[in-house]
Amino acid sequence: MSNLLEVKNLGISFFNGGEKRDVVKEISFDLKQGEVLGIVGESGSGKSVTALSLVGLLPKTAQYSSQSSIKFLGQEIVNADENDLRKIRGKDIAYIFQEPMSSLNPLHRIGDQIAESLILHRGMSRKQALKEAVRLLVMTGIRPAAEKSRAFPFELSGGQRQRVMIAMAIANHPRILVADEPTTALDVTVQEQIINLLIKLKNKLDMAIVFISHDLRLIRKIADYVCVMKDGKIVEQGMTQKVFEQPEQAYTKTLMKTVLVVNEEQKCGDVILSGRNLTVKYPLKKNFWGKTEAETAALDRVNVDLFRGECLGVVGESGSGKTTLGMVMADLIKSQGEMRLENASYRELNGKFLHKKVQIVFQDPYNSLNPRMNVEQIIGEGVNIHFPKMNKEEKKDLILKNLHNVGLDQGAMERYPHEFSGGQRQRIAIARALAVQPEVIILDEPTSALDVTIQLQIIELLKDLKKRLQLSYVFISHDMQIIRAMSDRVMVMNNGKCVESGLVSEIFEHPKALYTRKLIEAGLY
């Protein structure tokens with residue numbers, strides 16, 4: 001079978017102020033029609049940069065090595081004319097980006113954004129395109145699809161936004177689908193649906209897929225052939241079954257053996273945060289005069305307590321309300337009901353005082369980091385606000401200390417967010433939260449973009465910091481394995497309500513709610 005894609009001696013370097021950094025180092029692979037190529041590796045290994053190069057989307061600071069070649073059906077992509085690349089992108093080669101919020105237009109409705117591509121590439125009328133957009137949303141598991149097609153991106157959960165990106169990518173039946181961490185923000189039950197959907201589409205359309213992930217379980221399920229990347233190089237490649245069952249390289253063997261250890265429950269102190277009857281509603285439909293005729297409850301009379309020194313895990317499927325709860329606890333969304341810090345109502349507290357005590361690490365680090373600031377400025381922004389009397393050297397030492405805490409070195413301080421991988425950006429976000437020395441940190445999917453080995457490092461780091469600094473965490477995740485490894489107590493969320501809560505051992509060993517049992521039986525841990 002002939003190759004759709006041929007990558008030979010691909011080398012990519014980034015230039016910043018005269019400094020050259022080699023990111024991808026002379027890698028080669030082929031992709032045949034109907035084949036799924038899995039690319040796996042740690043954050044910063046070069047896998048996402050490789051994916052961007054396949055459709056000519058590298059930033060201006062990037063440069064190919066002289067021997068680099070990427071051919072799609074014999075047509076050279078490296079340094080190709082932009083007009084030629086536009087004819088290929090979206091139609092012949094489609095791309096699912098890692099961070100959906102930065103890829104979707106915040107001013108346009110979801111249905112219109114999907115329809116735009118259908119009108120452009122398939123010549124549909126607007127009416128036909130909007131109808132097809134609804135069908136695509138149904139295929140990717142978004143319900144109710146007709147209503148959601150009229151929503152704006154900010155009205156959807158992180159997982160729902162990622163499914164919209166998948167619907168957009170498959171709309172024009174591309175020859176190759178490049179999927180860069182396409183299931184990062186999704187709970188495991190929906191991950192399975194998306195993987196099964198991609199396999200079904202691949203078989204139906206005879207489409208090839210380049211599937212990039214740090215999740216070995218997903219790579220093993222979907223890929224026919226796998227490339228393992230480390231430090232910009234392919235250290236091992238071969239048929240998936242052989243690589244997983246008989247890995248030859250030490251690094252590959254390490255990836256296969258990484259496991260998360262169940263957390264030991266801690267005895268905790270008094271209540272530091274509490275919420276009663278927390279309710280957040282969003283309008284679904286308004287009449288001509290702007291009066292709400294239909295609404296949905298993202299949170300529905302939820303009660304929550306966070307004890308000093310504990311980690312409260314909040315788990316549920318995409319759209320269950322867990323992120324909304326975190327935003328309310330961080331005082332970033334107003335709700336009905338009442339939130340209290342120790343004995344004081346949020347309404348009575350000074351905002352600056354409250355936001356020093358309670359910090360948040362967002363789900364999408366690319367969207368939450370200022371692209372015009374370097375890392376030193378990003379972390380230093382909060383330090384300047386909350387520690388105005390610190391001198392310049394003390395602030396720099398504090399910033400560097402927190403960078404070291406999350407596994408980054410001094411060289412990161414002068415670099416900008418776009419120069420880091422998704423996982424590295426998430427570590428910068430954690431460092432920024434730690435730098436102001438809070439008592440409570442809300443962690444919204446803080447490890448979702450990280451490979452397994454880095455997940456383990458971050459979890460161990462967070463556990464160590466919690467113990468040393470007597471921090472309290474609200475740890476939001478769709479990954480039951482991570483929740484079990486991190487949490488002392490668990491809240492299970494579904495449709496805006498808390499369906500069950502208790503000690504982590506009670507929830508996992510003796511779940512009472514049918515929904516909790518379904519999550520566990522689905523193999524989430």
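Heavy atoms only: backbone and side chains are in, while hydrogens, waters and symmetry mates are out. No experiment lies behind these values; they were computed from the predicted model shown. Along the sequence shown, residues carry numbers from 1.
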Query raised in the report: Does Phe244 have any side-chain contact (heavy atoms from CB on, under 4.5 Å) partners at least two apart in sequence or in another chain, and if so, which?
Result: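 Testing Phe244 for side-chain contact (heavy atoms from CB on, under 4.5 Å), a comparison that skips the adjacent residues, returns Leu216, Ile219, Arg220, Thr240, Met256.
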Query - side-chain contact (heavy atoms from CB on, under 4.5 Å) against Asn83, all qualifying residues, sequence neighbours excluded - result: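 Asn83: side-chain contact (heavy atoms from CB on, under 4.5 Å) contacts with Asp81, Arg86.
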Taking atom [atom1] as the centre, does [X] end up with more than 12 heavy-atom neighbours from other residues, nucleotides or ligands that are less than 6.0 angstrom away?
| X | atom1 | value |
| --- | --- | --- |
| Gln241 | CD | no |
| Arg301 | CZ | no |
| Glu116 | CD | no |
| Lys233 | NZ | no |
| Asp30 | CG | yes |

Would you compute the distance between atom [atom1] of [X] and atom [atom2] of [Y] and round it to the nearest 0.5 angstrom?
| X | Y | atom1 | atom2 | result |
| --- | --- | --- | --- | --- |
| Leu37 | Tyr225 | CG | OH | 8.5 Å |
| Asn105 | Ser103 | CG | OG | 11.0 Å |
| Glu82 | Asp84 | CD | CG | 9.5 Å |
| Arg150 | Leu130 | CZ | CG | 10.5 Å |
| Leu58 | Leu52 | CG | CG | 6.0 Å |
| Met165 | Ile110 | CE | CD1 | 10.0 Å |

Query raised in the report: What residues, two or more places apart in sequence or in another chain, satisfy salt bridge (charged side-chain N to carboxylate O under 4.0 Å, His left out) together with Asp206?
Result: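 Expected list: none.
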Query - Any residue meeting salt bridge (charged side-chain N to carboxylate O under 4.0 Å, His left out) with Lys512, in chain and number order, not counting sequence neighbours - result: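 Applying salt bridge (charged side-chain N to carboxylate O under 4.0 Å, His left out) to Lys512 gives none.
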**Report entry** Ile93: which of Ile77, Leu54, Leu4 passes side chain to side chain contact (heavy atoms under 4.5 Å, CB included)
**Finding:**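 Answer after filtering Ile77, Leu54, Leu4: Ile77.
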Main chain of [Y], side chain of [X]: is a donor-acceptor contact present, judged purely on distance under 3.5 Å?
| X | Y | value |
| --- | --- | --- |
| Arg122 | Ala129 | no |
| Ser53 | Thr50 | yes |
| Arg175 | Asp92 | no |
| Lys47 | Ile39 | no |
| Lys322 | Met493 | no |
| Gln426 | Glu445 | yes |

Which atom pairs, donor and acceptor, lie under 3.5 Å between side-chain atoms of residues 196-203 and protein residues at least two apart or in another chain?
{"unit_1": "Asn196", "atom_1": "ND2", "unit_2": "Glu192", "atom_2": "O", "d": "3.1"}
{"unit_1": "Lys202", "atom_1": "NZ", "unit_2": "Gly34", "atom_2": "O", "d": "3.1"}
{"unit_1": "Asn203", "atom_1": "ND2", "unit_2": "Ile199", "atom_2": "O", "d": "3.2"}

Using side-chain heavy atoms (C-beta onward) and a distance below 4.5 Å, is [X] in contact with [Y]?
| X | Y | answer |
| --- | --- | --- |
| Ile209 | Ile176 | no |
| Val304 | Met491 | yes |
| Asn9 | Ser28 | yes |

According to side-chain hydrogen bond (donor to acceptor under 3.5 Å, both in side chains), who are the partners of [X], at least two apart in sequence or on a separate chain?
| X | value |
| --- | --- |
| Ser45 | none |
| Glu6 | Asn3 |
| Tyr416 | none |
| Glu500 | Thr516 |

Considering all heavy atoms, the nearest [X]-[Y] contact:
| X | Y | answer |
| --- | --- | --- |
| Ala62 | Phe14 | CB-CE2, 3.9 Å |
| Gly46 | Val24 | O-CG2, 3.8 Å |
| Ala485 | Ile459 | O-CG2, 4.5 Å |
| Val504 | Ser487 | CG1-O, 3.6 Å |
| Ala145 | Val138 | CB-CG2, 3.4 Å |
| Leu137 | Arg143 | O-NH1, 4.5 Å |

Requested in this report: Name all residues meeting the ring pair (Phe, Tyr, Trp, His ring centres under 6.0 Å) criterion together with Tyr95; count only those two or more places apart in sequence or in a different chain, and write none if there are none.
Outcome: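 Tyr95: ring pair (Phe, Tyr, Trp, His ring centres under 6.0 Å) contacts with Phe97.
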Requested in this report: Could you list all the side chain to side chain donor-acceptor pair (under 3.5 Å) pairs where at least one residue sits in residues 126-139, not counting sequence neighbours?
Outcome: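 Listed once each, the pairs are Asp112-Arg126, Ser125-Gln128, Glu132-Arg135.
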Report task. Could you go through the side-chain contact (heavy atoms from CB on, under 4.5 Å) check for Lys463 and Tyr473 one step at a time? Result -> CA-CA 10 Å; Lys463 284 182 176 181; Tyr473 295 146; over 6 Å; no
**Report entry** Residues Phe72, Ile70; criterion side-chain contact (heavy atoms from CB on, under 4.5 Å); working and verdict
**Finding:** CA-CA 7 Å; Phe72 169 67; Ile70 302 171; over 6 Å; no
Query - Pairs touching residues 235-244 that satisfy salt bridge (charged side-chain N to carboxylate O under 4.0 Å, His left out), sequence neighbours left out - result: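 Listed once each, the pairs are Lys242-Glu248.
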**Report entry** side-chain contact (heavy atoms from CB on, under 4.5 Å) assessment of Gln113 paired with Val164
**Finding:** CA-CA 9 Å; Gln113 295 191 54; Val164 170; over 6 Å; no
Query raised in the report: Checking side-chain contact (heavy atoms from CB on, under 4.5 Å) for the pair Ile96/Val178: CA distance, chi angles, key distance, verdict?
Result: CA-CA 6 Å; Ile96 302 171; Val178 182; over 6 Å; no
